[in-house]
Number of protein chains: 2
Amino acid sequence: MQLSDRKRKILQAIIHDYIETAEPVGSRTICKNHISDLSPATIRNEMADLEEMGYLEQPHTSAGRIPSDLGYRVFVDSGLERYRLTIKEMLQMQEAFKHKMREANSIMSEISSILSQMTNYTAVATSKRASNIKIQSLQVMPIDARRILAMMITNDGGVKNQLIVTHKEIDGVRASEITAVLNSCFAGMTVSDITPEKLAEAGARFRGFAEIDDVFEFMLKSAAEIEKQEIIVDGSINMLSFPEYSDVNKAKRILEYINDKKSLNMLLQSPKRENEIEVIIGNENPLDEFKDCSIIMCSYNLGGRSGSIGLVGPRRMNYSKAISMMEYLKNELDNIISERTDEDE
Amino acid sequence: MQLSDRKRKILQAIIHDYIETAEPVGSRTICKNHISDLSPATIRNEMADLEEMGYLEQPHTSAGRIPSDLGYRVFVDSGLERYRLTIKEMLQMQEAFKHKMREANSIMSEISSILSQMTNYTAVATSKRASNIKIQSLQVMPIDARRILAMMITNDGGVKNQLIVTHKEIDGVRASEITAVLNSCFAGMTVSDITPEKLAEAGARFRGFAEIDDVFEFMLKSAAEIEKQEIIVDGSINMLSFPEYSDVNKAKRILEYINDKKSLNMLLQSPKRENEIEVIIGNENPLDEFKDCSIIMCSYNLGGRSGSIGLVGPRRMNYSKAISMMEYLKNELDNIISERTDEDE
DNA sequence: TATTAGCACTCATTTATCTTTAGTGCTAAC
DNA sequence: GTTAGCACTAAAGATAAATGAGTGCTAATA
C-alpha cells in the first residue's frame, strides 16, 4: 500500500502530538487539533491502515496510537518542516564561538553545553587529535630552587606540562642544556613513537641529570593522553525530565550508559557520511541500552581535532528542532574552519 | 534526662538498621537483631524516652522510629566504632597517589572518583590556587608559518597556553624578541595585577607585532581562569540508588544542585577547623536544598592549591565507613605533602 | 522497682471490586 | 468514500475491606 497524502498528514499529526504529550494519540484528538474536515471514524480507518503498514503501534486496544521507529523514520526522511531558530537562539549559539581562537576541545564543550541547554536533550561529543601529531619542542625550565617544569609542545599547538621536584638546584643554563639535548633527541618525532625503549636508548645522553626518568615518565604519560579519545557529556540530567524516565531505575541505567565512555564511543562512532547530519532512531541504534533513545549526530573536524557530536533524547524527540539546531551549529563551525584556512593561505 | 548506656545502645541499633534499610525500625526488630535480653516492651519504653529527648522521630503512629538529626549527631560525636578498611580498599586508594608528581587538581579528581566509587556516595571538591600567584615567565613560540603559541607560566608551575593565528610569519628570532619584551614587562607580576589598563600601558612597546592584542586577550583570560575556583563532582548518579530519591523529580532537583557550582561552593565553604574532618548532618546544612543530605568534608592544601573535599549522601549515611575512608585519604594526602616538603629542604 | 505479657488501637499498605474513561473496530446508513 | 452509532476493551481511578507492622498503656510478674 502506498502512503497517500492523507495518511502522511495523519502520521505527522500523531507524531506531532506524541512528541508533545508522550501519550498515545486518539482519532478524536487528531480530528480536533489537526484535521477537522474528516470525522474521527475516517481517521480511525486510516490509522488502522497505518498500523498495518508498520508506521504506528498501539500499546493496547482502547489506547490511541504511537509512532513506531519506522513511522519516525519516514517522518524524518520525508522532509519534516524545519524549525526556524529565533534571533535569540542564534545569538546564544554564536556565543560559543566568540573566542574563536580557543582550543578545539573547549569550543566543543561550549557547543555541547549550549546545545543541551537549548534543546533540553543531552549533548555528547567525542574528540580525538589527529594521529600523526609530532613533538614540536620539549622544554625544561627552573621554577624555583627545587622544582623544574617540563613541557611538551606538539605541532598542533598543544601543550602538556608537569612539575618535577629535583634533588639539587638546576639553574637556567643547565636547564637550557638539558632542553637542547631533549630536542635533539625527540623533536620532530611522532607522539606515538615515544616508547619506553626509545627513551631508554636516549637515556645515556643525560648523565648527570638525575630527574631524567621523571621527565621520561612525563613524556610517556603525555603521549598517551594526547592519543586518548576525549569525551564530553553535557546535560545528562535533562533525561530525568522526560516521562519516559519517570522510573528512577530506568533513569539510573540510561544515565550510567550516557556517562560511560565506552558505550558513548560506540554510540557516536558510526557516521556513515562524513560531515552530514545523521538521525538514529530507537532500535536503529547500535547499542541495546539506547533503544529507547534517538540521536542526532554529526562528525566534525576542527583545528587538528576530529570526532562526532550528538544530541541524545527520547525516541519522541523534537526532531525538527534538534536537527535545525545541530545544522546551525554545524554551519557556524564550518565558517570557523574556512576562516582559519583562509588565514593560513 | 541522661543518655543511659542502654539508651545509647538502642539508639545505635536503630541508626544501624535504618542506615541499612531506610525503613523505620520497630522494637521487635531491635530485640531480634541487637538486644535479645530485653523484651520489645522495654525497648519500646526506652524508645519513647529517646523520642521525647529528641533523638528519634516517628513518621506516624504505628510506624517504627527513625533517627533525628540530633540522634545522628550524638551517634557520630560519641565515638562511633570505626570502619576498618580492607587491604583491597587501601590499595585502591593508594592508586590515586601513584603518580605523586601529578598536578594537584588531577590528584583531587582522582581522589574524588575513588571516594565516590568506594562509598557509593557523591564526591565533591573545590580547588583554588593560592591568591598571590605570580607570572614566572611568558613565551611566544612559532608553531608553523601562520601560527604562534603563547604561553604563560606561573610560579606554582602552572601553564596556560593558546594558539594564535598571525598575518605574517613570525620566526624564532622575532618570537624571542617578543618574548623578552613580554617578560620584561610582566614577569614577576601577580596574576591579579593583569588588568586591561596595565596591558594597554605596555602595548606601545610591541609596535610592529600585530597580534599583541590577541596575546593580551589570552593573558587576561588565563589570569581570570587561574583565579577562578574549580569544582569537581564525581558519582552524582549514585544518588539515584537511594530510596530517598526514588521520586524522579526529587532526584532531579538534588542532582541539579549537586552539579551547580554556586551551591556546591556554599556547601563546601564552612570548614570550621582547618584540616579536620567535619560532619554536617541534615538541617545543619547551610543550604536548604541539602537538608536531606549529610556531608563528610575536610579542607586540604596541596601543591599551591587549596579547597575542600566532601562526600554527599542521604542523611542515613554510613558515617562510620565514609569518615574512615575520608580519614585514610587525608592521611595519604598529608604524607605526600610532607614528602614534598622534605625534598624541598 | 524494673520488666514484661497482653491487648486495644492506629495507620499505611495491600487486595479486591466496581466505575469511569478514552479509546477502539465494525456495521449500516448516508 | 464517509460517517454516525454502538458494542466492546483495557487502563486508570475510586472505594472499601483486609492485613500487618507497629505503637502505648495497663496490670501482672520477678
Side-chain angles (χ1 to χ4, degrees), chain A residues 1-11 13-18 20-53 55-68 71 243-244 246-247, chain B residues 1-11 13-15 17-18 20-68 71 243-244 246-247:
Chain A
M1 202 191 300
Q2 252 283 49
L3 239 195
S4 71
D5 227 44
R6 195 166 73 179
K7 281 197 174 60
R8 166 162 291 128
K9 223 162 151 188
I10 290 174
L11 178 58
I14 291 175
I15 291 179
H16 177 272
D17 280 19
Y18 187 64
E20 277 205 341
T21 63
E23 296 290 330
V25 184
S27 53
R28 234 178 75 85
T29 318
I30 297 178
C31 171
K32 266 203 296 196
N33 300 347
H34 299 277
I35 311 180
S36 43
D37 55 341
L38 287 179
S39 78
T42 314
I43 293 173
R44 272 206 295 283
N45 287 329
E46 296 286 42
M47 280 162 81
D49 287 353
L50 282 166
E51 182 170 358
E52 208 179 325
M53 294 161 83
Y55 298 124
L56 293 179
E57 284 168 5
Q58 200 172 17
H60 55 85
T61 22
S62 92
R65 302 300 208 295
I66 63 176
S68 67
E244 280 86 343
S246 65
D247 173 55
Chain B
M1 202 189 302
Q2 250 283 49
L3 239 195
S4 70
D5 227 44
R6 194 165 76 179
K7 282 197 173 62
R8 165 162 292 127
K9 222 163 153 187
I10 290 173
L11 178 58
I14 292 176
I15 292 179
D17 280 20
Y18 187 65
E20 277 204 341
T21 63
E23 296 289 331
V25 184
S27 54
R28 234 178 76 84
T29 318
I30 297 178
C31 171
K32 265 203 294 198
N33 300 347
H34 298 278
I35 312 182
S36 42
D37 55 342
L38 286 179
S39 79
T42 314
I43 294 174
R44 270 205 296 283
N45 286 330
E46 295 286 44
M47 280 162 81
D49 288 352
L50 283 165
E51 182 171 358
E52 209 180 324
M53 294 162 81
Y55 299 123
L56 294 179
E57 285 167 6
Q58 198 171 19
H60 56 86
T61 22
S62 93
R65 301 301 207 297
I66 63 177
S68 68
E244 278 86 344
S246 65
D247 173 54

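Chain naming here is simple, since letters A, B, ... match the order of the sequence lines and numbering starts at 1 in each. Note that the coordinates shown come from a computational prediction; the quantities given were computed from them, not determined experimentally. Just so it is clear, the values below take in all heavy atoms, side chains as well, and ignore hydrogens, waters and symmetry mates.
- In this structure, Asp49(A) atom CG and dG1(D) atom P are separated by 12 Å, rounded to whole Å.
- Summarising the geometry, the separation between NE2 on His60(B) and C1' on dT23(D) is reported as 11 Å, rounded to the nearest angstrom.
- Partners of Glu51(B) under the side chain to side chain donor-acceptor pair (under 3.5 Å) rule, at least two apart in sequence or in another chain, are Arg65(B).
- Side-chain contact between Leu38(B) and Glu46(B) is absent, with no heavy-atom pair separated by less than 4.5 Å.
- With sequence neighbours left out, the side chain to side chain donor-acceptor pair (under 3.5 Å) criterion links His16(A) to no other residue.
- Ile35(A) places its CD1 atom 12 Å from the P atom of dT3(D), with the value rounded to the nearest Å.
- Residues Ile10(B) and Ile14(B) meet the side-chain proximity criterion, which asks for heavy atoms closer than 4.5 Å.
- Between Ile43(A) and Pro40(A) the shortest side-chain heavy-atom distance does not fall below 4.5 Å.
- Comparing Arg6(B) and Pro59(B) by the nucleotide of DNA chain C whose heavy atom lies nearest to each, the residue mapping closer to the 5' end is Arg6(B).
- Rounded to whole Å, atom C1' of dT4(C) lies 11 Å from atom CD1 of Ile43(B).
- Between Thr42(A) and dT3(D) there is a side-chain polar atom (N or O) within less than 4.0 angstrom of OP1 or OP2.
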Original post:
Where along nucleotides 20-30 of chain C does protein come under 4.0 Å, by heavy atom, of base (B) or sugar-phosphate alone (S), with - for untouched nucleotides?
Top reply: --BBBB-----
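- At least one side-chain heavy atom of Leu3(A) sits less than 4.5 Å from a side-chain heavy atom of Leu50(A).
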